[in-house]
Number of protein chains: 2
Amino acid sequence: MAPHPLDSLAVNEINVARQVILDDYSNVVIDFREIFLQEPRKAELQQFLHLEHTGCLSPSTKRPTRLATCQYDVVGANKIPEFHEATIDISNEIIVCREVVDVQHHASLTLKEFDDLIAACHASPLYQEALAEFILPEGFEVIVEPWPYGGLDASDKNMRFFQGLCFAQDKRSNNEDSNFYGYPLPLIPVMDARTKKIIRIDRLATGGKGDSLNGKTNSRNIINHCVPSDYAPELLPKGTRKDLKALNVIQPDGPSFRVKGNLIEWQKWRFRVGFNPREGATIHDVHYDGRSILYRLSVSEMTVPYADARAPFHRKQAFDFGDGGAGNCANNLSLGCDCLGVIKYFDGVITDSAGRGKLSPNVICLHEQDNGIGWKHTNWRTGRAVVARNRELVVQFIITLANYEYVFAYKFNQSGGIVVETRATGIVSVVNIDPGKTSDYGNVVSPGALAQNHQHIFAVRIDPAIDGNHNTVLEETSHRVPINPETNPNGNFYEIRQNIIRESQWLDAAPQHNQVIKMVNRSKKNPISGKPVGYKFMPAPTQLLLADPNSVQSKRALFAHHHIWVTKYKDGELHAGGKYTLQSQKEVGGVADAAARKDAVEDDDIVVWNVFGLTHNPRVEDWPVMPVEIHELHIKPADFFTANPSIDVPSNKNVSSQLVESECCSRS
Amino acid sequence: MAPHPLDSLAVNEINVARQVILDDYSNVVIDFREIFLQEPRKAELQQFLHLEHTGCLSPSTKRPTRLATCQYDVVGANKIPEFHEATIDISNEIIVCREVVDVQHHASLTLKEFDDLIAACHASPLYQEALAEFILPEGFEVIVEPWPYGGLDASDKNMRFFQGLCFAQDKRSNNEDSNFYGYPLPLIPVMDARTKKIIRIDRLATGGKGDSLNGKTNSRNIINHCVPSDYAPELLPKGTRKDLKALNVIQPDGPSFRVKGNLIEWQKWRFRVGFNPREGATIHDVHYDGRSILYRLSVSEMTVPYADARAPFHRKQAFDFGDGGAGNCANNLSLGCDCLGVIKYFDGVITDSAGRGKLSPNVICLHEQDNGIGWKHTNWRTGRAVVARNRELVVQFIITLANYEYVFAYKFNQSGGIVVETRATGIVSVVNIDPGKTSDYGNVVSPGALAQNHQHIFAVRIDPAIDGNHNTVLEETSHRVPINPETNPNGNFYEIRQNIIRESQWLDAAPQHNQVIKMVNRSKKNPISGKPVGYKFMPAPTQLLLADPNSVQSKRALFAHHHIWVTKYKDGELHAGGKYTLQSQKEVGGVADAAARKDAVEDDDIVVWNVFGLTHNPRVEDWPVMPVEIHELHIKPADFFTANPSIDVPSNKNVSSQLVESECCSRS
């Protein structure tokens with residue numbers, strides 16, 4: 001059977017694309033980076049989807065060409081890699097187009113490059129000499145944690161670098177999962193990715209309040225004041241708690257969803273789930289009860305800048321989607337760990353270091369969950385309570401980026417709402433600090449371990465299709481009206497103002513005015529209210545990027561300067577921070593550029609981007625693994641339906657719930 | 001066994017207090033309103049709790065006196081009720097003190113007064129004449145929905161009024177739960193509570209945009225354009241959906257909590273739950289692993305002002321705690337409806353119209369729930385993932401106030417956090433609107449039914465006891481620092497500023513600066529970070545009260561003018577909007593007055609109030625019963641512990657979770 005146009009490339013499709021490239025070159029080395037589905041142009045895909053929705057697909061229907069985006073380096077005689085990007089027609093095994101990417105841009109990192117950094121450290125006398133300055137306790141070994149290099153300085157002349165954060169691991173327990181992050185070493189080896197050589201060792205300041213910006217440590221016994229900080233249960237000094245009893249989610253009749261390939265149907269919802277190396281799970285062609293709501297929904301980008309003023313910490317700034325790829329870093333999930341109940345897993349396909357397709361099992365999970373009361377009303381005259389629970393369908397993926405993890409979930413509910421949830425967890429990034437000192441740059445979360453202040457700023461890309469492709473954004477705000485005899489004699493009135501977004505632009509959150517962003521179809525009115533059908537969200541007024549606007553950190557993350565961006569749809573324009581973020585000095589081709597086109601966006605094919613984040617000044621309780629910090633973006637119908645869509649959810653009693661009658665009801 | 005000092009009054013204790021009052025008067029009628037526990041003075045209770053915590057309680061320990069607050073009207077020969085409030089010593093059956101409440105204040109309403117209004121309407125020729133102006137379809141009957149009268153006008157001279165919103169109910173189905181709110185009638189009868197007579201019928205405008213403020217309807221067939229809007233499953237035209245399969249929460253080993261009387265112990269948490277007619281469930285004496293965190297936590301007040309400029313809608317403003325009482329309006333919860341799993345219910349005791357104690361069963365429920373991933377880290381070198389789930393303990397109560405419901409929950413988690421959750425649901429308040437019209441005052445959610453714009457503004461009262469009684473509030477904000485060679489050479493640094501709250505005052509939310517409110521104990525430093533131990537929350541920057549500051553709506557809800565209030569603890573100062581809210585013209589004795597004392601609040605016994613809300617401009621999807629609008633206040637440890645308190649939560653696989661292997665996995 002032919003793949004659906006939104007199916008990720010299969011292993012064999014990737015291998016075909018790879019071979020097309022290999023066959024086209026000679027006398028050069030091809031270093032493959034990434035091969036993944038190039039989603040069909042919207043115009044073409046919409047035609048196909050229309051036929052699909054109307055039941056008119058047949059074996060003879062012309063389907064969008066299966067295209068692969070192929071990213072690779074070409075290394076010729078001069079040994080200098082040239083970064084190419086090609087589009088391959090998989091069926092016809094031809095190169096459709098190809099370009100040499102401008103040298104200002106850098107390809108996303110590959111895990112191979114991380115391995116190279118570790119190997120380069122081992123082979124580097126420079127690195128070994130620097131390490132020898134320190135005395136590690138017996139049984140400790142050094143761990144190098146590869147990181148992207150952050151934004152290049154102008155003097156770096158488009159070089160490709162990687163940096164390694166160094167820690168010591170206590171090997172005496174013979175447990176490879178003993179937590180080395182609690183033993184930070186004040187060294188950062190830097191590798192030139194072309195030569196795979198360590199070219200420099202950055203020495204890190206270990207001082208505290210009042211110490212100079214570049215004050216380096218004088219102690220050779222650099223981790224003698226550090227302590228174990230394990231999280232693996234077998235390494236906890238007191239083991240795990242014993243008084244937590246089982247809580248099981250049982251679905252005796254199976255799940256309420258139906259899955260066929262990438263198509264998911266549940267409670268009047270119908271959508272497709274995609275997966276790509278950069279964005280991880282993506283959501284497509286979202287319908288409710290046969291009506292179109294979204295064309296595409298994705299977590300587009302995030303940046304994590306660190307705020308320690310001491311060089312080279314300004315280069316600690318990750319773009320977790322653009323630099324490494326959320327799909328590439330997606331966890332392979334396990335039953336009974338990442339969700340409860342009846343779970344459907346989806347596999348992904350990624351590219352190995354030789355450019356071949358490789359199955360990555362269980363990268364997405366799908367399950368239902370109960371989220372408390374959905375709606376309730378009690379008629380106090382009769383005492384009759386009618387209460388419906390709030391069942392949700394969750395599409396979840398989890399990424400690990402060195403020390404940190406993010407849990408992303410798209411949650412669909414019975415009231416017609418979609419929630420994009422992010423949970424930040426994992427291990428906060430720490431650096432060595434001298435005994436007894438504290439710092440303006442972070443918090444000491446374990447002796448000798450300074451968790452640096454930082455931000456996480458996310459961008460969610462919403463490509464609406466509210467009852468069709470021609471949509472408009474309205475900014476709706478509520479305002480006080482002074483008492484006056486004509487319109488507000490008693491002072492209780494407030495007015496709702498509407499700002500129609502006519503040109504692509506940014507907006508900032510305005511919670512003081514109860515700002516609501518509505519995505520509406522003005523050609524279709526709600527038959528009850530007379531207002532255009534729409535969906536809405538309230539932009540969270542979280543703190544935006546704090547770095548000075550003239551800093552490299554700031555210039556390369558223009559998307560993080562505002563909470564909302566409204567742009568005109570353009571094929572391929574998926575990435576809030578631009579297509580190439582690794583080592584970028586400025587954001588190119590991101591939302592800021594898209595907005596700056598000043599496209600007309602009334603009754604048009606538009607994209608709405610929501611930016612939110614977390615200024616994370618760590619607390620001791622974030623150590624050694626931080627409790628989840630949760631953010632939710634709620635996308636809700638606003639006069640899209642003619643009533644609460646969940647009003648027909650059964651209000652049956654759950655017969656398996658049990659009563660605790662007695663006192664002292666439990667203690668093992 | 002002697003009751004715990006925080007135990008609500010038992011039925012017999014209420015009856016004793018009642019008798020003490022009755023015995024003390026002669027030749028007058030005593031109209032009882034409310035009899036409830038007067039919590040012991042803090043100084044006295046703390047002594048007791050200290051003995052309790054240190055295991056030093058004995059039968060001979062002197063316990064705080066059991067005191068009842070007794071509110072009642074004394075009606076003498078002149079027939080004018082005088083509102084009295086007395087404190088009764090229950091053991092000694094004596095009146096400890098008594099006062100006649102100033103006539104500017106009004107006692108909370110009683111359900112008896114609501115019944116009086118309905119009876120008064122039936123008996124009122126004025127009302128019957130007004131009704132006769134309209135022709136109702138055959139089989140429809142009128143329903144009067146009693147409401148508090150809102151803020152009095154100066155000309156009202158401290159009268160006591162009640163107003164009734166009128167609707168028509170379709171009785172043809174013989175179902176008392178057919179939804180009458182969809183058939184609003186444009187009449188508001190007003191009752192004088194002393195005479196129990198309808199003194200006036202307010203006529204309501206039914207016009208739309210462009211119509212005058214007092215344009216009244218001309219149509220006698222006032223609900224002919226209205227339609228059914230049922231939510232009871234047996235009345236839904238298409239019934240309930242069939243494709244939702246069971247999701248059961250099973251706890252085979254029982255709950256992980258232990259309950260003894262009002263004492264709850266769970267996962268190192270230890271606290272007591274109280275219940276009173278005004279606040280509903282309250283939380284007391286919160287400890288974690290033997291360390292004190294909070295003295296008391298409660299939802300203190302809320303106000304719901306409506307924004308329709310047309311008189312008399314400015315009098316639609318409820319104070320759900322002060323006017324009617326959340327405890328009095330608490331739902332009697334049912335197994336399998338309001339939560340899943342193993343549930344413990346707590347009964348409450350309220351006062352009946354004769355002043356006798358009356359059991360109100362199942363007013364609070366207690367259960368555990370799973371809230372997804374609590375923390376996770378994968379070591380990418382070994383592939384080992386350690387993931388702990390986020391188990392929560394939930395103390396929940398639900399109130400019904402005429403058309404509206406609120407679900408309140410105090411949620412304790414394993415990471416040392418406490419979440420106060422509010423869910424607004426129920427039926428939005430609607431008024432009649434002429435066919436085909438729309439309005440600036442709300443949204444037409446059903447033909448002929450205009451859901452008026454309104455706000456819900458809540459106040460949560462946090463009485464901290466962070467490792468003891470002497471606490472300080474710090475406002476912490478994060479700020480950009482311009483690039484400069486001395487402190488910020490690369491522009492990535494940001495600084496954290498601390499504002500020590502020295503005097504009682506208000507603050508407003510400042511999300512643009514990542515404002516965090518910390519409640520700390522400066523006499524105790526975290527041994528790791530060196531910072532004072534504390535708990536923190538981020539005030540949600542939701543829109544504050546919109547009514548003009550000179551309006552009655554605004555003056556009687558000063559608490560709703562700011563997001564945060566810091567006050568010095570004072571016995572009995574529990575109510576953000578003042579003790580007496582019914583018909584108030586201004587807030588008296590609320591947080592604004594408390595803050596205005598300019599008490600010193602450094603290293604002192606302090607109270608922190610958080611105000612948040614929802615500007616609710618209804619959407620069609622809020623009809624006929626609105627999906628929950630959820631708000632969460634997260635109170636989290638901030639350098640209180642020496643590590644993540646949930647790090648010892650077992651990361652065992654949940655063995656009852658099941659895999660969906662095949663495609664097309666389900667469809668009945």
Side-chain angles (χ1 to χ4, degrees), chain A residues 176-177 240-241 245 248 250 253-256 258 307 309 314 336-337 342 344 375-378 382 384 387 400 415 425-426 444 478 480 483 490-494 511 514 528-530 541 543 546-548 551 553 615 619-621 625 627 637-639 648 650 653-654 656-658 660 666-667, chain B residues 176-177 240-241 245 248 250 253-256 258 307 309 314 336-337 342 344 375 377-378 382 384 387 400 405 415 425-426 438 444 478 480 483 490-494 511 514 528-529 541 543 546-548 551 553 615 619-621 625 627 637-639 648 650 653-654 656-658 660 666-667:
Chain A
E176 293 295 320
D177 290 298
T240 55
R241 61 180 73 182
K245 300 195 178 171
N248 301 328
I250 305 291
D253 307 319
S256 314
R258 182 165 72 157
H314 61 295
C337 297
V342 179
K344 162 74 183 170
W375 56 263
K376 180 173 189 178
H377 181 60
T378 301
T382 63
R384 165 84 177 276
V387 51
T400 295
S415 299
T425 178
V444 178
S478 298
R480 174 173 291 171
I483 285 191
N490 298 297
N492 63 313
F493 173 61
Y494 63 81
N514 194 53
I528 309 282
S529 70
Q543 189 166 39
L546 280 168
D548 184 292
S551 67
Q553 270 197 358
T615 296
R619 42 179 196 148
V620 174
E621 289 83 357
V625 182
D639 290 9
D648 67 342
K653 277 194 185 194
N654 179 283
S656 74
S657 291
Q658 289 195 327
V660 175
S666 145
R667 191 71 148 196
Chain B
E176 293 296 320
D177 290 298
T240 54
R241 61 180 71 182
K245 300 193 177 171
N248 301 330
I250 306 292
D253 308 319
S256 315
R258 183 165 71 157
H314 62 293
C337 297
V342 179
K344 162 73 183 171
W375 56 262
H377 182 59
T378 301
T382 63
R384 165 84 178 277
V387 50
T400 296
E405 284 29 52
S415 300
T425 178
T438 59
V444 178
S478 298
R480 174 174 290 171
I483 286 191
N490 297 297
N492 63 311
F493 172 61
Y494 64 80
N514 194 53
I528 309 283
S529 71
Q543 189 165 40
L546 279 168
D548 185 292
S551 67
Q553 269 197 359
T615 296
R619 45 183 193 144
V620 174
E621 289 83 358
V625 183
D639 290 7
D648 67 341
K653 278 194 184 195
N654 178 284
S656 74
S657 291
Q658 289 195 326
V660 174
S666 145
R667 191 71 149 198

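All chains are named by letter (A, B, ...) in the order of the sequence lines, taking the proteins before the strands, and each is independently numbered beginning at 1.
Interface residue A:Val387: only side-chain heavy atoms are found under 4.5 Å from chain B. Residue B:Thr438 touches chain A through its side chain alone, counting heavy-atom pairs closer than 4.5 Å.
Between B:Pro541 and A:Pro511, the shortest heavy-atom contact is O-CB, 3.1 Å. For the pair A:Asn490 and B:Ala309, the tightest heavy-atom approach, listed with the atom from each and the gap, is ND2-O, 4.1 Å. In this structure, B:Asn492 and A:Ala547 approach most closely via the heavy-atom pair CA-CB, 4.3 Å. Between B:Lys245 and A:Asp253 the shortest heavy-atom distance is CD-O, 3.2 Å.
Options A:Ser478, A:Gly426, A:Gly530 differ in how many heavy-atom pairs under 4.5 Å they form with chain B, and the most are formed by A:Ser478. Chain B forms the most heavy-atom pairs under 4.5 Å with one residue out of A:Lys653, A:Gln553, A:Arg241, A:Glu176, and that residue is A:Arg241. When each of B:Val444, B:Val620, B:Thr240, B:Val342 is scored by its heavy-atom pairs under 4.5 Å with chain A, the top score falls to B:Val620. With respect to chain B, the highest number of heavy-atom pairs below 4.5 Å among A:Ser657, A:Ser415, A:Ala638 belongs to A:Ser657. Of all the listed residues (B:Gly491, B:Ser551, B:Ala307), the one sharing the greatest number of non-hydrogen pairs under 4.5 Å with chain A is B:Ala307. Contact count versus chain B (heavy atoms, under 4.5 Å) is highest, among A:Gln543, A:Gln658, A:Arg619, A:Glu621, for A:Glu621.
Under the side chain to side chain donor-acceptor pair (under 3.5 Å) criterion, B:Thr400 pairs with B:Asn331, B:Glu405, not counting sequence neighbours. Applying the side chain to side chain donor-acceptor pair (under 3.5 Å) rule to B:Asp639 yields the partners A:Asn443, B:Ser529; only residues at least two apart in sequence or on another chain are considered.
Here the CG-CG distance, from A:Asn248 to B:Asn248, works out to 11.0 Å after rounding to the nearest 0.5 Å. Residue A:Asp548 holds its CG atom at 12.5 Å from CZ of B:Phe493, rounded to the nearest 0.5 Å. In this structure, OG on A:Ser656 lies 4.0 Å from CD1 on B:Ile250, to the nearest 0.5 angstrom.
One N or O on the side chain of B:Thr425 and one on the backbone of A:Lys376 form a donor-acceptor pair closer than 3.5 Å.
The closest side-chain donor-acceptor pair between B:Thr382 and A:Asp177 falls under 3.5 angstrom.
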